[in-house]
There are 2 protein chains.
Amino acid sequence: MQLDPYNTDSLKEGSSIKIFSPEFAKANRPEPEIDPESPTRDRLLLAACHVFSKNGYHDSTISEISKLAKANIAAVNYHFGDKQNLYLQTIKYAFKITTDKYDPNGNLPETAPARDRLTARITALIRPSFDLGPAGYTKELFAWEMGVPTGLFDQFVKEVLEPLKNQFHAMLRELLGPDCTQDDVHLCGFSIISQCHSPLLRMHVRKILLKYRPSVADVNFIIEHVIDFSLAGIESRKRIIAKRKQTNDSPDS
Amino acid sequence: MQLDPYNTDSLKEGSSIKIFSPEFAKANRPEPEIDPESPTRDRLLLAACHVFSKNGYHDSTISEISKLAKANIAAVNYHFGDKQNLYLQTIKYAFKITTDKYDPNGNLPETAPARDRLTARITALIRPSFDLGPAGYTKELFAWEMGVPTGLFDQFVKEVLEPLKNQFHAMLRELLGPDCTQDDVHLCGFSIISQCHSPLLRMHVRKILLKYRPSVADVNFIIEHVIDFSLAGIESRKRIIAKRKQTNDSPDS
DNA sequence: CTCCTTTTCAAATGATTATTTGAATTGTAT
DNA sequence: ATACAATTCAAATAATCATTTGAAAAGGAG
């Protein structure tokens, strides 16, 4: 078999190294501590969090998950029916762990100033990206869901994320003032959420583009920046809204 | 077999519908027009762009790709050696198509004002997200790469993206002024790139969260917003830099 | 203890799919 | 036209995995 025409100039020399092999170090999070005394079902869920986060749905094998959970290979099908349902339950499980630790509202009442609520929300969205424990799994799983358009995502959005989005938009509307339009809210929301859920915050991307394991101070620094950057953007949008209103109130005369 | 304990409350009623089945409509881009006269290798690359974009690496089968390319199933292995190398060449191919159509520098010379260069860069980064033709494949493939930490990504970053990032940081440094630090540049760069590469701009996410097929006016609206929002963020950062300098110049006295 | 249900287990099944093979076909240079 | 290399093709191979099976073990109620 000829090798020349394959244009393998991007393969490492030797050309037999598999790109997807572990030789190209992945920035894996540490394996979770799984209590061997806990029920098989729970062990499977925690192991599944880890494996699905690491590999996504299709690269994860039931074999790997049950091995990590120290359960038999048939245990997944017994407890969850099939792999798909395990995946579904895993996402819910992970999401609960994350929101239990990082409250999207940061314990603030609905009546707190919008600015404070926005600060709390941004913080709660960014922190899990730097959490190496189980609270960090949601971010990874969500990133996979962004990649893999499954019906599951639609459903999860409607059930769980939609209410959170509505709260978020309410904050923005309050900050942008009474003359803001739906578009104003959507656009500012887009800019802020994009920063909080940025792929650049994912561990294996950080490894290349940012500091791999930022200190607590670094993380706070990033959060403060996103808040400041976003508030500045909102202020700018407010000026646009004001100018628009002025133009509309005094039409061509 | 018992079904109760599976906690299938999130499965559609009937419970036999497969979540990953096409029944949950994916927001697929239209199939590319593949010239049947063009060489098999090119037909395969274009077909691979489409299939890999749609399904990611592991969900894509050589069978599906060769069928779309109207080539024999053995053609991939003949022309590219194996699936991995096909994937590699596909990413390069897609990236070239995209940058040929959307020049990262928008034809501007290095000497153009930083503000204009930034505007051009943001535009070139966002537009492909709304391109349903071949120039849109890069965005999808990159999104997959964000999900799958392969060595390929490291390599592609170094070879191709690093130089572009350096140009980008130079613009920011120019805009932030002489007193800005590396951190200032990194943080602003992070905020801007996160918006331009936002998962929220991906077609199947847009389908849920934004307008599915925005008009040209909508796209321009979004681009203008990101530019404005980002410039406001940069201005804010400049004020922080100025304040920091002031504090440093007149230490506790 | 006995009966019954729930859970675990090792091995088998069945489906999918990347890759190989060797023959057939096409294209090209002499 | 002939020889030779490049390309295409259908069928076979081999590996991987999700899922099933049926027996064994554990647990609980009477």
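Letters go in sequence order (proteins before strands), and every chain restarts at 1. For clarity, every value in this text was computed on a predicted model and none was experimentally measured. Keep in mind that the numbers below use all heavy atoms, side chains included, and drop hydrogens, waters and symmetry copies.
Protein atom NE2 of A:H79 is 16 Å distant from nucleotide atom C1' of D:dT19, rounded to whole Å. Protein atom CD1 of A:I62 is 5 Å distant from nucleotide atom P of D:dT19, rounded to whole Å. In this structure, CD1 of A:I65 is placed 11 Å from P of D:dT19, rounded to the nearest angstrom. Rounded to whole Å, the distance from CG on A:N77 to C1' on D:dC17 is 11 Å. Protein atom CD of B:E37 is 11 Å distant from nucleotide atom P of C:dG27, rounded to whole Å. Rounded to whole Å, the distance from CG on A:N72 to C1' on D:dA23 is 13 Å. Going from atom CG of A:L44 over to atom C1' of C:dC9 covers 14 Å, rounded to whole Å. For B:K67 and C:dT16, the NZ to P distance is 12 Å, given to the nearest whole Å.
Take A:T90 and apply the side-chain contact (heavy atoms from CB on, under 4.5 Å) test, not counting sequence neighbours, and it matches A:L45, A:A48, A:C49, A:F52, A:L86, A:L141. In terms of the ring-ring contact (aromatic ring centres under 6.0 Å, His included) criterion, B:H197 has no residue partners (sequence neighbours excluded).
Taken to the nearest 0.5 Å, the CZ atom of B:R43 stands 8.0 Å off from the CD1 atom of B:I34.
Between B:K165 and B:E162, at least one side-chain nitrogen of the basic residue sits less than 4.0 Å from a carboxylate oxygen of the acidic one, meeting the salt-bridge criterion.
Between A:I192 and the options A:L187, A:L172, A:L125, a side chain to side chain contact (heavy atoms under 4.5 Å, CB included) holds for only A:L172.
Not one side-chain nitrogen or oxygen of B:S63 sits closer than 4.0 Å to the OP1 or OP2 atom of C:dA18.
Base contact: A:A74 has a heavy atom under 4.0 Å from a base atom. No engagement by A:S66 is indicated, since no non-hydrogen atom pair under 4.0 Å with the nucleic acid exists.
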Under 3.5 Å, N/O pairs linking protein and nucleotides 12-15 of chain C:
none

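Using modelled atom types, one side-chain atom of A:K83 and one backbone atom of A:Y57 make a donor-acceptor pair closer than 3.5 Å.
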